[in-house]
There are 2 protein chains.
Amino acid sequence: MAKDMSYKDKKVITIGIVRDLTGLSERQIRYYEERKLIFPERSAGGSRKFSFTDVELLMDIANKIEDGIQTHEIRKEMLREQKKQNQDEIRRKMIQGQLNAQFGIRRNS
Amino acid sequence: MAKDMSYKDKKVITIGIVRDLTGLSERQIRYYEERKLIFPERSAGGSRKFSFTDVELLMDIANKIEDGIQTHEIRKEMLREQKKQNQDEIRRKMIQGQLNAQFGIRRNS
DNA sequence: CGTGTAAGGAATTCTGACACG
DNA sequence: CGTGTAAGGAATTCTGACACG
């Protein structure tokens, strides 16, 4: 049922490692979280946990910042992409629903 | 040239996360390293860094320990597998070498 | 706006050792 | 042999704030 995440999306990397992986400062990483560009999870004790996807996203963000794009703009971009992907998802499911209605239940929702 | 490791083999997970992921105690994890069953890397400050592959291996190890197999046996098993894989690798390269000699250089060593 | 930094505290990790069995 | 635990210290991470611009 629930999308069961590959390694790439598992939140298991602490901020120090992310710093080493991206070359960004911890300050920058925390700031981008504050601006809602990334969403690390938390350990029981409160430490941030990132995924490889987050690491890649951070590098994209860093590039855009260097190009002078503001975090607010980056966030809006990301929301637009998110919205588009959601719509594609809905469309896909509707088409699948049509097929199911005509030809019966199929595997792979 | 150098095998460029997928996410699965990157050493980026600290011991606390590995503990949560495997259900093992930190003591057990450190002990299996001491017995040369796993080989975490180290951060600049000395903290262990594991990969997802290590995490999976640890779960296999834990199962074998439960079955009463000793760490020394597990290590020998692993060395045997390692050896076999190396031989397969050599064989593969030799065959590829033969092909190259007869039909010229090909992509994908 | 984006980032550096010093501050103080809490969580994390490390090693070597004693214990049990 | 494999694992728990208390011990002391060092490395890691956290938050809120001041600074600059």
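Chain naming here is simple, since letters A, B, ... match the order of the sequence lines and numbering starts at 1 in each. Everything numeric here is computed off the predicted structure, so don't read it as measured data.
- In terms of phosphate contacts, B/Arg35 brings a side-chain nitrogen or oxygen within less than 4.0 Å of OP1 or OP2 of D/dG2.
- Between A/Thr14 and D/dT12 there is no side-chain polar atom (N or O) within less than 4.0 angstrom of OP1 or OP2.
- In plain terms, the two heavy atoms of A/Phe39 and A/Lys11 that are nearest each other are O-NZ, 2.9 Å.
- If you take CD of A/Glu26 and P of D/dA11, they are 15 Å apart, rounded to a whole angstrom.
- An OP1 or OP2 oxygen of C/dG2 is reached within less than 4.0 angstrom by a side-chain nitrogen or oxygen of A/Thr71.
- OP1 or OP2 of D/dC14 has at least one side-chain nitrogen or oxygen of A/Arg30 nearer than 4.0 Å.
- Summarising the geometry, the separation between NZ on B/Lys49 and P on D/dT12 is reported as 10 Å, rounded to the nearest angstrom.
- The shortest distance between the side-chain N/O atoms of B/Tyr32 and the OP1/OP2 oxygens of D/dT3 is below 4.0 Å.
- The partner of D/dT3 is C/dA19, judged by Watson-Crick or G-U wobble contacts that both fall below 3.5 Å.
- For the residue pair A/Ser51/A/Asp9, the side-chain donor-acceptor check at 3.5 Å is not satisfied.
- For the pair B/Ala44 and B/Ile65, both in contact range of DNA chain D, the more 5′-proximal nearest nucleotide belongs to B/Ile65.
- Within the structure, every side-chain polar atom (N or O) of A/Arg48 is placed at least 4.0 Å from both OP1 and OP2 of D/dT13.
- Put simply, CD1 on B/Ile29 is 13 Å from C1' on D/dT3, counting in whole angstrom units.
- Taking atom CZ on A/Arg75 and atom C1' on C/dG2, their separation rounds to 17 Å, with Å as the unit.
- Note that the CD1 atom of A/Ile65 and the CG atom of A/Leu24 stand 9.5 Å from one another [nearest 0.5 Å].
- The nucleotide D/dT12 finds its pairing partner in C/dA10, both defining distances of the Watson-Crick or G-U wobble pair being shorter than 3.5 Å.
- With 3.5 Å as the limit, one finds no donor-acceptor pair spanning the side chains of B/Tyr31 and B/Arg27.
- Ionic pairing of A/Glu77 and A/Arg80 is not present here: no N-O contact between side-chain nitrogen and carboxylate oxygen is shorter than 4.0 angstrom.
- Distances shown here put a side-chain N or O of B/Ser43 below 4.0 Å from the OP1 or OP2 atom of D/dT12.
- A straight line from CZ of A/Arg27 to P of D/dT13 spans 17 Å, rounded to a whole angstrom.
- The phosphate of C/dT15 (OP1 or OP2) has a side-chain N or O of B/Arg42 nearer than 4.0 angstrom.
- Straight-line distance from the CG atom of A/Leu37 to the C1' atom of C/dG2: 12 Å, rounded to whole Å.
- Toward the 5′ end of DNA chain C lies the nearest nucleotide of A/Tyr31, the other residue of the pair B/Gly45 and A/Tyr31 mapping further downstream.
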